[in-house]
Amino acid sequence: MAKKIGRNDPCWCGSGRKYKACHQAFDEKIAGFAAAGHIVPDRKMIKTAGQIAKIKESAKINIAVLDYISGYIKAGINTEEINTMVFEKTTKMGGYPATLNYQGYPKSACTSVNNQVCHGIPSEQVVLKDGDILNVDISTVLDGFYSDSSRMFCIGEVSPEKKKLVEVARECVYEGLKEVKPWGFLGDVGQAVHDYAFAHGYTIVREIGGHGVGVDFHEDPWVGYNTKRGTEMLMVPGMMFTIEPMVNMGRVEIYIDERNGWTAYTEDGKPSAQWEVQVLVTDTGYEIISY
Ligand code: MF3
Ligand code: CO
């Protein structure tokens, strides 16, 4: 908890209202969960109305870019072409790709094919072919506000096994979303995602997960999917994070490409699928910010 605010001081959220008429009861409720031993968000994880409006502007671009590239993704194109389209569409709309030069990442998108789990680096050498499954992960920064989401694409005629994996990975995200509500826990989300994948015989990558997002590209909390109901951080209105489980058809283990330091692959070489949404916890449940 940050420093104490007087009841009649202006609220920390920037609403201009007195603290007692704004977030005081909310802060006290959170303090009650903390006293009961739960992990609770700190104030900087709670987005103000002004920040949410800006993040939505960023997400408008992110969604539009994913919509735009969907029209061009087909067998025969290479992933560098996708990267170029992402850069051009994003900048044309006034945003900038958040991954470009992020901690040395060289491209405007992540493009992960088949047994690549995530952080596939676009390349002219990677030509999409019939039967591939592809994740395109896009993130946008606009005026310092961030959005992040990803979708799967099936290239031409995809085997029923891979198609099923892609569908279940998507459903996993929606199972998780059903659990997003104030005064629930991130473990509720994690377990729902996990149980759904496991019921279909799949595994969920342990080492990489979702994250807070909005004011920064990657904020706390970390959002894992091997967590238990009633544990992990308390969700409160104004929190924003991604749900982005990587669902493996086979074993859970992954490794990182030593040559580029980024791309994760399944250890057993079997396919992996991922969808990512950016979600806001509202007073009554959730709102999808980017998809
Ligand atoms: N959009 C990815 C995520 O979900 C970005 C990973 S960082 C990168 O967090 F540099 F690899 F792109
Ligand atoms: Co993300």
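Because the structure is a prediction, the values reported are computed rather than measured. Order of appearance sets the numbers: ligands from 1, and atoms from 1 within every ligand.
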Using a strict threshold of under 4.0 Å (side-chain N to carboxylate O), is an ion pair present between [Y] and [X]?
| X | Y | result |
| --- | --- | --- |
| Asp9 | Lys4 | no |
| Asp27 | Arg43 | yes |
| Glu219 | Lys44 | no |

Could you tell me which atoms of ligand 1, counted from 1 in the order shown, lie closer than 4.0 angstrom to a heavy atom of [X]?
| X | result |
| --- | --- |
| Asp137 | 1 (N), 2 (C), 3 (C), 4 (O) |
| Thr99 | 12 (F) |
| Asp148 | 1 (N), 3 (C), 4 (O), 9 (O) |
| Glu276 | 4 (O) |
| Phe217 | 5 (C) |
| His119 | 6 (C), 11 (F) |
| Cys110 | 11 (F), 12 (F) |
| Tyr102 | 7 (S), 10 (F) |

- request: State if Lys107 counts as touching ligand 1 under the rule of any non-hydrogen atom under 4.0 Å.
  value: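 Flag not set, Lys107 not near ligand 1.
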
task: Looking only at N, O or S atoms, find the one in Glu244 nearest to the Co ion (ligand 2) and name it.
output: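 The Co ion (ligand 2) is closest to the Glu244 atom OE2, counting only N, O or S.
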
- request: Fit a plane to each ring of His200 and Tyr202, take the angle between them on a 0 to 90° scale, and name the class: parallel (under 30°), tilted (30 to 60°) or perpendicular (over 60°).
  value: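 Answer is parallel, since the angle falls under 30°.
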
message: Suppose we only count N/O/S atoms under 2.8 Å; would His211 qualify as near the Co ion (ligand 2)?
response: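 Under 2.8 Å: His211 contacts the Co ion (ligand 2) through an N, O or S atom.
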
task: Look at the N, O or S atoms of Asp137, main chain and side chain alike, and state whether any lies under 2.8 Å from the Co ion (ligand 2).
output: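 Here the distance criterion (N, O or S atom, under 2.8 Å) is not met by Asp137, so no.
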
- prompt: Would Lys178 and Glu175 satisfy salt bridge (charged side-chain N to carboxylate O under 4.0 Å, His left out), going step by step from the backbone distance to the final call?
  reply: CA-CA 5 Å; Lys178 282 189 213 160; Glu175 290 301 310; 3.0 Å; yes

message: Suppose you place the vertex at the Co ion (ligand 2); what is the angle out to Asp148 OD2 and Glu276 OE2, to 10°?
response: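 Value, to the nearest 10 degrees: 80°.
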
- prompt: Without hydrogens or angle criteria, can the side chains of Thr263 and Asp257 be said to hold a donor-acceptor pair below 3.5 Å?
  reply: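 Checked: Thr263/Asp257 side chains show no N/O donor-acceptor pair below 3.5 Å.
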
field: For atom 4 (O) of ligand 1, closest protein heavy-atom neighbour
entry: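 Answer, as residue, atom name and distance: Glu244 OE1, 2.9 Å.
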
field: Protein contact of atom 9 (O) of ligand 1 - nearest heavy atom, named by residue and atom, plus distance
entry: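 The closest heavy atom on the protein side is His218 NE2, 2.7 Å.
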
message: Whether Lys89 engages the ring of Tyr68 as a cation-pi pair (distance to the six-membered ring centre under 6.0 angstrom, angle to the ring normal within 45°) should be assessed.
response: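 Yes; both conditions hold, so Lys89 lies above the ring face of Tyr68.
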
task: For the pair Lys60 and Glu57, evaluate salt bridge (charged side-chain N to carboxylate O under 4.0 Å, His left out) and give the outcome as yes or no after the intermediate values.
output: CA-CA 5 Å; Lys60 237 184 238 172; Glu57 287 303 310; 3.2 Å; yes

query: Out of curiosity, does Leu177 fall in the hydrophobic cluster containing Met152 (side-chain heavy atoms, cut-off under 4.5 Å, transitive links)?
result: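 The answer is yes; both residues are in one hydrophobic cluster.
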
message: Checking contacts here: is it the side chain or the backbone of Gln103 that comes within 4.0 Å of ligand 1, counting heavy atoms only? Could be both or neither.
response: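 For Gln103, no heavy atom sits under 4.0 Å from ligand 1.
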
Heavy-atom check, side chain of Lys162 versus side chain of Cys154, under 4.5 Å: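 Counting from C-beta outward, Lys162 and Cys154 never come under 4.5 Å.
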
